[in-house]
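Working notes, beginning with the structure itself.
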Amino acid sequence: MLNKVLDVHSPVPLLLTVRTKKRYFIPPAVGLKRKRNANPEAHARAAGIVFRQEYFERPINIACTAGIFDPYVPPEGDARLSTLSKEGIKQRTEQIRQSAASQLAIRKIKENDPEFSSKTFAEKAQEIFIEAHNALTNFNKERLHSLVTERCYPELTRGNRYKTIRWRFLESLEPPRVVHARCPDMVSKGNLYGQVTVRMHSKQTLAIYDRFGRLMLGGEDQPKDVLEYLVIERHLVNPYGSWRLHGKIVPSWAPAKDPIIKTVQIPGPELKPWEEFDSQGYQVPKPEAVQWYK
Amino acid sequence: MQVDLFTISVLSSAVEGLLRNHLIQRFISKCFPRSPWMTTPQQLSCFHTSVSLKGRRWDQNNLKVYPPQLPDEPRRPAEIYHSKRQFKYSKDKLWYLAKLVRGLSIDEALAQLEFSDKKGAKVMKEALLEAQEMAVKNHNVEYKSNLYVAESLSGKGKYLKRIRYHGRGMFGIMDRVYCHYFVKLVEGPPPKKTEKTSFDAAKEYVQGLKKRTIIHSL
């Protein structure tokens, strides 16, 4: 009876005639076969505990799309030819008028956003790009969220939490140009998102240091010429939407990046126990050149 | 013959638990540079109050970020902290294994633990392998063999209490022991242990005798 009042499990009845010292604590015994709480819910309800209703929800983000629709395929050898040669001039004078779909998309965007102009937009896009990367180096999360869409944010910041990044934009080698535009509508008709691709050729320096301050990649005094295709997106129907960086397109003919400073182990071929590894005849498999977008 | 009747009063274990779980405010030094992404608006206060319930200080050392090094500074060796918590072994018995592994390179340590007959050796080996993998993957360590065990400790985990029955109605409280294992791997070759010869010890003794002076003298 006292057992139930004090909720104590003891192997022997509490009132025991023993000539021992008075014990203040008896630990629970192992192997006590008592019936488990048959209905824990009823027990909790009787005790007066109220549980909030459980919602099985999954949040969906509608401020940005999940990818790049109809991505721009940059022509081969885009930045190789100099402006002075004939082929170079031909490339430079390519107007976006060649693509009808882009023109349609731009018209749609201008309907919804009257301030849009394909001539000034490229400069704005470059500014957004520079500010976003500066916010990344300073770890300014709020600023970064306003400059970069939710899809692009994890791509920019993954793995960088315990690293120091030093990035500098030196100069722009060519004026940025709008090369591609698309206006997909998601889920329901009329829910328009504008995606504009901007091509920019610039000089940048990048140095990434790991947790202990050791250089992992690049160098602060090594400027690199970078040709990039940025995708800027905006939710047109949303009056509070703004143009934000959505991703990058990396063409299949892009030159390989510089390797990181440390040596990395590549897994070798699968061998049976009696086989030996032939280091001379083995070639490291190279991934095929595919355009991908980050 | 009089037999005294005693009622065994029991203190509810819930009250004891409450006292133990009381939030203890600890003062960690403010110069503990964490990841730069974790700035909060209350950065200016001198003291950092932590919930020390779980006591996961050892693993938090892995989140420490150092500023970039200048090119003329010597390369800072990478430090990786790892722990295995609350496994069924005695901390005193684990101490012997932890002392064995202290100061060895990681390959030697793994070899010794693989061929040790003790139960704790298996858990320790898992911990070391995990730490090695973490080092290569997350902490920018180049060669996985270029690590050595700088610190290796055993700690007490949360015990379960049970009854051990004695004769004549007597009983004792038995502890079911659990323990933690902590290890710190540092990049680089293991430090060489300089053996002190008896001649050096004698020389030091004589020098100690020679440098004695009389204090507070004229």
A side-chain contact here means heavy atoms from C-beta on lying under 4.5 Å apart; do [X] and [Y] qualify?
X      : Y      : result
A/E276 : A/L271 : no
A/N61  : A/E150 : yes
A/E220 : A/Y209 : yes

Next item on the list: Could you please spell out the steps behind the ring pair (Phe, Tyr, Trp, His ring centres under 6.0 Å) verdict for A/Y153 and A/H145?
Entry: CA-CA 7 Å; A/Y153 181 83; A/H145 269 297; 4.1 Å; yes

Between [X] and chain A, with a heavy-atom cut-off of 4.5 Å, which part of the residue counts as in contact: side chain, backbone, both or neither?
X     : value
B/P77 : backbone
B/N62 : both
B/R76 : both

Note to self: Between A/T164 and chain B, with a heavy-atom cut-off of 4.5 Å, which part of the residue counts as in contact: side chain, backbone, both or neither?
What the structure shows: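 Looking at A/T164, just its side chain touches chain B.
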
Margin query: Between A/L144 and chain B, with a heavy-atom cut-off of 4.5 Å, which part of the residue counts as in contact: side chain, backbone, both or neither?
Written below: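 The side chain, not the backbone.
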
Checklist line | Whether over 12 other heavy atoms sit under 6.0 Å from B/K88 NZ | finding: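 More than 12 heavy atoms, drawn from other residues, nucleotides or ligands, come within 6.0 Å of this atom.
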
